[in-house]
Amino acid sequence: MSFICRFAPSPTGPLHIGGVRTALFNWLLAKKNKGKFYLRIEDTDKERSKEEFKKQIIDSLGWIGIKHDDKEFIQSENIKKHKQIVDELLKQGFAYKCYCSEEEIKKQKEKCKKQGIPYVYNRKWREPKDLEVPKDVKPVIRFKSKISGETKIKDLVQGEVNISNSIIEDFVILRQDGSPTYQLCAVVDDNEMKITHVIRGDDHKINTFKQKQIYEAMKWKIPEFAHIPLIHSEKGSKLSKRDMASTIGDYIKKGILADALRNYLLRLGWAHKDKEIFTLEESINLFDLNGVGKSPSKLDLSRILSLNEHYIKHIDEKQLFGLLKDFAQNFRDRISPSKEKAVLQSINFLKNKAKTLDDIYCNSEYIIKDNIDIVAEDKKLLDAAAKKIISEFLEKFKKIDVPNKEKLEEIINNLIKKHNTNFKGVGQPLRIALVGSRFGPGIYNIILSLTKDEVIKRISKIN
RNA sequence: GGUCCCAUCGUCUAACGGUUAGGACAGAUGGUUUUCAAUCAUCUAAUCGGGGUUCGAUUCCCCGUGGGACCGCCA
């Protein structure tokens with residue numbers, strides 16, 4: 001059985017995370033079934049479609065690891081075919097010209113609103129026997145929908161759904177300006193691309209009933225449909241561009257790894273027993289539409305962070321460092337080549353207290369930056385006694401040729417004894433002097449991650 | 001308002017007629033620790049309500065309630 005699916009976004013804004021999940025599900029299924037995954041840019045809304053969004057969509061998908069087969073399909077480039085099908089539908093009596101002016105339609109809508117009844121186009125021009133064609137109105141072309149009976153769809157996620165044909169209006173398939181609409185283009189393109197499975201957001205479910213009628217009129221093979229539930233914002237409604245952290249870029253900026261977001265999105269609306277962590281390979285092998293639930297799910301940032309933490313701790317450290325380097329360059333300050341080695345060698349402990357790349361960056365800042373600022377609140381902790389201890393530490397430290405943990409331990413233990421204090425009494429002032437904060441990595445890790453000169457410089461500065 | 005869809009811990013979900021309703025995240029408590037974190041252990045927490053069907057309903061059916069989607073010459 002062949003499996004050809006597609007993701008068909010419109011380039012009218014940045015791709016949000018719901019779209020990414022739809023793409024992911026399509027792609028996973030294509031991979032699993034050794035089928036094809038196509039990307040179709042639905043740019044028939046000339047006003048709002050922008051080239052930059054097309055690029056952003058492809059980049060976003062690429063970032064998370066989704067690559068479409070062949071070249072992306074640009075819907076507007078197939079306009080000839082779309083028009084040809086409109087003509088054919090017209091010829092065969094499945095469509096008709098409607099000369100209602102926009103004003104006339106507007107009036108009808110208002111009237112309906114006043115009366116509190118739902119607006120449905122009144123099919124005025126469906127049987128235009130007694131009507132005179134107005135000279136000043138350019139017609140739109142409407143599809144002649146079925147008036148009676150029911151249309152039934154078998155949805156791979158939703159099950160069987162049927163609605164009465166009477167509520168489906170005669171929808172426009174060709175605009176006044178001669179351009180075909182989404183309902184028509186999507187069907188024509190899906191047919192041409194030989195799409196076998198249309199997997200899309202639940203918000204398209206009603207469209208399916210319109211589109212099915214076009215397939216039937218053209219005697220085309222009807223694909224399988226699967227409408228996956230939408231992702232809701234924390235407020236509980238459909239995710240919109242206005243919601244915080246709704247685009248891939250928002251997550252990249254926070255320092256989320258692609259694997260973590262992929263894993264998160266996979267588990268949003270889908271489950272495989274109690275399994276939480278899925279490698280890419282496992283996602284492909286285990287994903288199926290049966291496991292997709294029917295109810296919408298809310299976005300939960302703390303879960304993304306916890307998944308991100310997991311991936312930060314488990315991926316290869318060199319790879320993690322590479323990601324950190326890119327992250328720093330794009331969103332923070334570039335890590336200078338002279339500091340790269342020190343950061344890479346320390347990443348093993350720097351990553352341990354991080355949920356995001358940004359956290360790792362912050363943890364690394366004392367290595368990356370030549371001058372550190374001491375947090376005002378912590379500066380107060382450096383009283384005379386503390387200063388005395390670290391200056392004594394400094395004297396002994398200077399005498400070490402090559403610092404290592406054993407030697408440092410010896411110095412610190414002696415200081416603890418001499419000053420009748422505990423580890424904190426020595427460690428805390430040292431940490432403040434070296435990192436600028438009483439919070440930070442283990443004191444041995446800190447000292448060994450800096451050069452000897454740097455340690456001397458920072459401690460000297462205190463007195 | 002009309003049409004359609006949905007409903008298990010706060011959140012993501014498991015249990016496809018029989019479980020003390022499970023896991024994960026978040027939360028709480030305690031242990032460990034060199035600060036923060038991490039880690040380990042423990043705990044709190046759910047089947048929307050009402051009727052059926054059945055020996056037995058989270059699961060099937062109906063009604064109610066709540067939430068959502070759609071109702072464009074947008075896609």
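So that the names make sense, note that chain A is the first sequence line, chain B the second, and so on, each numbered from 1.
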**Student:** Please state the P separation for the pair B:A38 and B:A26 - nearest whole angstrom.
**Tutor:**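 Rounded to whole Å, the distance is 9 Å.
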**Student:** So which nucleotide from B:U39, B:C25, B:C4 ends up closest to the side chain of A:V161?
**Tutor:**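 Among the listed nucleotides, the one closest to the side chain of A:V161 is B:C4.
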**Student:** Measuring only the P atom in each nucleotide, how far is B:C48 from B:G10? A whole number of Å is fine.
**Tutor:**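 About 11 Å, rounded to a whole number of Å.
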**Student:** In this structure, how many angstroms lie between the C1' atom of B:A75 and the CG atom of A:D190, rounded?
**Tutor:**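 Between C1' of B:A75 and CG of A:D190: 13 Å.
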**Student:** Within the side chain of A:N285, is there an N or O that forms a donor-acceptor pair under 3.5 Å with the backbone of A:E282?
**Tutor:**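 It does not hold such a pair.
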**Student:** OP1 or OP2 of B:C5 versus the side-chain N and O atoms of A:S295: is any pair under 4.0 Å?
**Tutor:**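 Indeed not, no polar side-chain atom of A:S295 lies that close.
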**Student:** Can you tell me if A:N263 uses its side chain to pair, donor with acceptor, with the backbone of A:F278 under 3.5 Å?
**Tutor:**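 Indeed, once roles are kept as given, a pair shorter than 3.5 Å links the two residues.
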**Student:** What is the distance from CD of A:Q428 to P of B:C36, rounded to the nearest Å?
**Tutor:**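 Checked: the CD to P distance equals 10 Å.
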**Student:** Using atom NE2 of A:H232 as one end and atom P of B:A69 as the other, report the distance to the nearest whole Å.
**Tutor:**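 Nearest whole value for this atom pair: 5 Å.
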**Student:** Give the rounded distance in Å between these two atoms: CG of A:N207 and P of B:A69.
**Tutor:**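 Those two atoms, CG and P, are 15 Å apart.
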**Student:** Counting Watson-Crick and G-U wobble pairs only, both distances under 3.5 Å, name the nucleotide matched with B:A69, or none.
**Tutor:**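 Checking every strand shown, B:A69 finds its partner in B:U3, with both distances under 3.5 Å.
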**Student:** Side chain of A:I163, heavy atoms from C-beta onward: which of B:A38, B:A37, B:C4 has the nearest atom to it?
**Tutor:**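 The closest nucleotide is B:C4.
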**Student:** What interatomic distance, in whole Å, is found between P of B:A7 and the corresponding atom of B:C25?
**Tutor:**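 The same atom, P, in both gives a distance of 25 Å.
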**Student:** Among B:A75, B:C73, B:G22, which nucleotide sits nearest the side chain of A:S10?
**Tutor:**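 So the side chain of A:S10 is nearest to B:A75.
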**Student:** Whole angstrom is fine here: how far is it from CG in A:D202 over to P in B:C5?
**Tutor:**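 One finds 10 Å between P of B:C5 and CG of A:D202, rounded.
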**Student:** Is there a donor and acceptor pair, one atom on the side chain of A:R431 and one on the base of B:U34, closer than 3.5 Å?
**Tutor:**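 Looking at the base of B:U34, it does pair with a donor or acceptor on the side chain of A:R431 (distance under 3.5 Å).
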**Student:** Can a side chain N or O of A:K238 be found less than 4.0 Å away from OP1 or OP2 on B:C70?
**Tutor:**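 Looking at the OP1 and OP2 atoms of B:C70, one of them is under 4.0 Å from a side-chain N or O of A:K238.
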**Student:** Looking only at atom types and distance, does a side-chain atom of A:N308 sit under 3.5 Å from a main-chain N or O of A:K355, one as donor and one as acceptor?
**Tutor:**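 Yes, the answer is positive, given that a donor and an acceptor are paired below the 3.5 Å cut-off.
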**Student:** Using only side-chain N and O atoms of A:T44, determine if any of them is under 4.0 Å from OP1 or OP2 of B:A75.
**Tutor:**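 Affirmative; the distance criterion is met.
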**Student:** Rounded to the nearest Å, what distance is computed from the OH atom of residue A:Y99 to the P atom of nucleotide B:C73?
**Tutor:**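 Rounded to whole Å, this separation is 18 Å.
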**Student:** Say you pick atom C1' in B:G27 and the same atom in B:A46; how far apart are they, in whole Å?
**Tutor:**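 It works out to 15 Å between them.
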**Student:** Donor-acceptor pair, distance only, cut-off 3.5 Å: does the side chain of A:R431 make one with the backbone of A:P441?
**Tutor:**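 A pair under 3.5 Å: yes.
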**Student:** Can you measure A:Q176 atom CD to B:G72 atom C1' for me and round it to whole angstrom units?
**Tutor:**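 Spelled out: CD on A:Q176 to C1' on B:G72 is 14 Å.
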**Student:** If you measure from the P atom in B:C6 to the same atom in B:G64, how many Å do you get, rounded?
**Tutor:**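 Pairwise P distance, B:C6 against B:G64, rounds to 16 Å.
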**Student:** Expressed as a whole number of Å, how far does the P atom of B:G49 sit from that of B:C55?
**Tutor:**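 Their P atoms lie roughly 24 Å apart.
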**Student:** I want to verify a distance call: between B:A69, B:A75, B:C25, whose nearest atom is closest to the A:S302 side chain?
**Tutor:**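 Looking only at side-chain atoms, A:S302 lies closest to B:C25.
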**Student:** Can you see whether A:F73 has A:R6 sitting over its ring - NZ or CZ less than 6.0 Å from the centre and within 45° of the normal?
**Tutor:**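 So A:R6 doesn't make the cation-pi contact.
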**Student:** Kindly point out which of B:G10, B:A24, B:C5 is positioned nearest to the side chain of A:D300?
**Tutor:**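 When the side chain of A:D300 is considered, B:G10 is the closest of B:G10, B:A24, B:C5.
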**Student:** Without decimals, in angstroms, what is the distance between A:N445 CG and B:U35 C1'?
**Tutor:**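 Value for this atom pair: 13 Å.
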**Student:** Should we say atom NZ of A:K97 is surrounded by more than 12 heavy atoms from elsewhere, each under 6.0 Å from it?
**Tutor:**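 Not buried by this count: 12 neighbours or fewer within 6.0 Å.
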**Student:** If we take the P atom in both B:C9 and B:A45, what is their distance in whole Å?
**Tutor:**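 Rounded to whole Å, the distance is 14 Å.
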**Student:** Which nucleotide in the set B:C12, B:A38, B:C73 lies at the smallest distance from any side-chain heavy atom of A:R142?
**Tutor:**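 Among B:C12, B:A38, B:C73, the one nearest the side chain of A:R142 is B:C73.
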**Student:** Does B:U58 have a Watson-Crick or wobble partner in any strand here, with both distances under 3.5 angstrom, and which is it?
**Tutor:**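 Check on B:U58: unpaired, no WC or wobble geometry under 3.5 Å.
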**Student:** Considering only atom C1', compute the distance from B:U8 to B:U13 and round it to an integer number of Å.
**Tutor:**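 One C1' to the other, the span is 9 Å.
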**Student:** Is the closest basic N to carboxylate O distance between A:E410 and A:K396 below 4.0 Å?
**Tutor:**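 No, this pair does not count.
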**Student:** Look through every strand shown and name the nucleotide pairing with B:A28 as Watson-Crick or G-U wobble, where both distances are under 3.5 Å.
**Tutor:**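 Partner of B:A28: B:U42.
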**Student:** Any side-chain N or O of A:K205 under 4.0 Å from OP1/OP2 of B:C4?
**Tutor:**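 Checking A:K205 against B:C4: no side-chain N or O falls below 4.0 Å of OP1 or OP2.
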**Student:** Identify whether any heavy atom of A:V172 sits under 4.0 Å from a base atom; if not, whether one sits that close to sugar-phosphate; answer base, sugar-phosphate or nothing.
**Tutor:**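 Result for A:V172 = sugar-phosphate.
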**Student:** Checking only heavy atoms, does the side chain of A:R267 share a donor-acceptor pair with the base of B:A24 at less than 3.5 Å?
**Tutor:**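 By the distance-only test, no, there is no pair.
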